[in-house]
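Following: one structure in structure tokens, then a few remarks.
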Amino acid sequence: MSAKEKLKQYIDKRNLNRSGEPSDSDGAGNGGNRFVIQKHDASNLHYDLRLEVDGVLKSWAVPKGPSTDPSERRLAIRTEDHPTEYANFEGVIPEDEYGGGTLLVWDTGEFKNLRAEKDEPLTMEESLDDGLLEVWLEGEKLQGGYAMKRTRKSQWLLIKMKDDAADARRNPVSTEPDSVLSGRSLADIMQEADKE
Ligand code: MN
């Protein structure tokens, strides 16, 4: 199935108007190399890591969230591609819908494909097929190199590379829990949804 077909399947699966999520026709995508990490309080709290590749957001669910400690290996489950416009979404998806729960944008910024700069350069798509991504993040909370290694079909490991941004004592998931876009917490967003 092509990326476009997958995207259509995804959009068909959601009732976009009802949950107030952005649709693919908003045209808000900037066409860059954007990354976003959404904190998603669904049946289990997790962090959705999304990398913009060829006009879609390649996505992984990271149960424990990203670490700045190179000795930590965080499980990252590959999930379906999302439309780029989804990168700005914060709000509440009704419980009976796919992905139901509350989301906030925990971190966002630009990323760079480090494998494109190697002697045998690989695009992001090629790196995905190869099962190893190496990206440089320029986020508000996360910076520097991160590797993602596929260990099984949809199972990957997210690992901080050893660089100036590596810090075994920093724990941004717990010390910086709120949205980088709005400053809101998950509870703030839920309360606002209740008042509507
Ligand atoms: Mn999610």
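Start at 1 with the first residue, then count along the sequence.
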### Message
To the closest 0.5 Å, what do you measure between CG (Leu57) and CG (Leu49)?
### Response
10.0 Å
### Query
Distance from Lys149 atom NZ to Trp156 atom CH2, nearest 0.5 Å?
9.5 Å
### Query
When rounded to the nearest 0.5 angstrom, what distance separates CG in Asp107 from OG in Ser179?
10.0 Å
#### Entry: Asp178 and Arg184 ion-paired at < 4.0 Å
no
### Query
Quick one: hydrophobic cluster around Leu122, which other residues, with the 4.5 Å side-chain cut-off, linked directly or via members?
none
### Task
Check whether NZ of the Lys or CZ of the Arg Lys160 lies under 6.0 Å from the centre of the six-membered ring of Tyr146 and within 45 degrees of that ring's axis.
yes
### Message
Under a 3.5 Å cutoff, is there a donor and acceptor pairing between the side chains of Arg170 and Thr175?
### Response
no
### Message
Taking the side chain as everything from C-beta on, heavy atoms only, tell me whether Val105 gets closer than 4.5 Å to Asn88.
### Response
no
### Query
At what distance, to the nearest 0.5 angstrom, does CG of Leu158 lie from CZ of Arg73?
11.0 Å
#### Entry: Lys141 side-chain N/O to Trp106 backbone N/O, donor-acceptor pair under 3.5 Å
yes
### Query
Side chains of Ser71 and Asp69: is there a donor and an acceptor less than 3.5 Å apart?
yes
### 4.5 Å side-chain heavy-atom contact, Tyr86 and Ser59
no
#### Entry: Reported OG1-to-CD distance for the pair Thr108 and Glu138, which is rounded to 0.5 angstrom
12.5 Å
### Query
When rounded to the nearest 0.5 angstrom, what is the spacing between OG1 in Thr79 and CH2 in Trp60?
8.5 Å
### Message
Using side-chain heavy atoms (C-beta onward) and a distance below 4.5 Å, is Ile77 in contact with His46?
### Response
no
### Query
Between the side chains of Asp130 and Ser127, does any donor sit under 3.5 Å from an acceptor?
no
### Message
Do Val135 and Met148 have side chains that approach each other closer than 4.5 Å (heavy atoms only, starting at C-beta)?
### Response
no
#### Entry: Heavy-atom side-chain proximity of Phe89 to Val36 below 4.5 angstrom
no
### Query
Does a side-chain N-to-carboxylate-O contact under 4.0 Å join Glu134 and Lys118?
yes
### Query
Would you find a donor on one side and an acceptor on the other, under 3.5 Å apart, between the side chain of Thr102 and the backbone of Leu186?
no
### Query
Going by heavy atoms in the side chains, are Pro63 and Asn44 under 4.5 Å from each other?
no
### Message
Using side chain to side chain contact (heavy atoms under 4.5 Å, CB included), reason through Met124 and Phe111 one step at a time and then give a plain yes or no.
### Response
CA-CA 11 Å; Met124 285 296 286; Phe111 78 91; 3.7 Å; yes
